[in-house]
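Both counts, for ligands and for their atoms, begin at 1 and track the order of listing. The basis for the numbers below is simple: all heavy atoms, side chains too, and nothing from hydrogens, waters or symmetry mates. The structure presented is a predicted model; accordingly, all values stated were derived computationally and were not measured.
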Amino acid sequence: MAMLLVLGAVRSGTTPAGGGGDAAPGSAATALDTELARRFAVAQQAADADGVPLEITSGWRSARDQQALVDQALERYGDPAEAHRWVLPPERSSHVQGLAIDVGQTKGAYWLAQHGLEFGLCQTYANEIWHFEKLPDGATECPPPHADSSWGW
Ligand SMILES: [Zn+2]
């Protein structure tokens, strides 16, 4: 259920209603990090060779989109503590910085969780099989994943 919520990321067709700045302060990203996109493309080819469907279901998000996900989660879960396990505020979200991807299908996500390191991609949340970020520069192993996103609140 929670996975559906997060994977069903808001495809924002909304336009700022005059005056409302869309970008969070200090966040200039307007697209997915090119190195992250490159690593994913290589992984996707390998997954395809294994017969596994792998695609990005959510990449860069505007601060506005991220806030919409926060609002959705709060509505969905009722309990803020539970909602915060699944979504970060815009100023903390790697998606808003263009530094995170959510992948599908489920089979593809599990494939990438298993093989990601070969491509410099790491699952960063234990409760989100679908969320990946770049292996940190200089690292040879993925850092231990956060239990969930509640650290950022
Ligand atoms: Zn994510």
Side-chain angles (χ1 to χ4, degrees), residues 1-14 22-47 52-137 139 141-153:
M1 297 283 242
M3 185 163 177
L4 286 177
L5 168 74
V6 179
L7 285 180
V10 177
R11 282 288 146 236
S12 168
T14 58
D22 202 29
S27 165
T30 55
L32 196 59
D33 178 81
T34 51
E35 174 61 15
L36 176 57
R38 190 193 66 77
R39 292 182 189 186
F40 175 79
V42 177
Q44 189 177 40
Q45 282 189 342
V52 175
L54 179 63
E55 64 199 18
I56 294 177
T57 58
S58 182
W60 173 78
R61 298 175 194 148
S62 69
R64 180 180 297 265
D65 286 350
Q66 185 67 23
Q67 185 59 49
L69 289 177
V70 171
D71 295 344
Q72 268 184 21
L74 289 170
E75 200 171 313
R76 167 91 172 73
Y77 293 107
D79 177 12
E82 180 61 21
H84 293 173
R85 293 184 61 230
W86 299 99
V87 61
L88 282 167
E91 64 273 21
R92 291 285 177 84
S93 172
S94 299
H95 284 284
V96 175
Q97 299 169 50
L99 296 175
I101 51 174
D102 293 344
V103 305
Q105 310 170 5
T106 303
K107 193 179 172 190
Y110 278 101
W111 184 94
L112 195 57
Q114 201 178 351
H115 298 282
L117 183 59
E118 299 165 35
F119 308 100
L121 297 169
C122 297
Q123 186 195 346
T124 48
Y125 291 98
N127 69 333
E128 296 188 7
I129 188 74
W130 57 86
H131 179 106
F132 290 84
E133 299 181 17
K134 283 186 295 187
L135 176 72
D137 288 344
E141 282 183 50
C142 290
H146 295 284
D148 56 43
S149 64
S150 54
W151 65 269
W153 291 88

Task: With Glu55 via salt bridge (Lys or Arg N to Asp or Glu O under 4.0 Å) - residues at least two apart - done: none
Open item on the list: Does this structure show an ion pair linking Asp102 with Arg61, if we count only N-O contacts that are shorter than 4.0 Å?
Closed with: yes
- [ ] Would you mind naming the N, O or S atom of Asp102 nearest to the Zn ion (ligand 1)?
- [x] OD1
Open item on the list: Restricting to N, O or S, what is the name of the atom of His131 that lies nearest the Zn ion (ligand 1)?
Closed with: ND1
Open item on the list: Suppose we only allow N, O or S atoms; which atom of His95 ends up nearest to the Zn ion (ligand 1)?
Closed with: NE2
TODO: Would you mind listing every disulfide bond (SG atoms under 2.5 Å apart) that reaches into residues 58-105, with sequence neighbours excluded?
DONE: none
TODO: Tell me yes or no: between the side chains of Trp151 and Tyr125, is some donor less than 3.5 Å from an acceptor?
DONE: yes
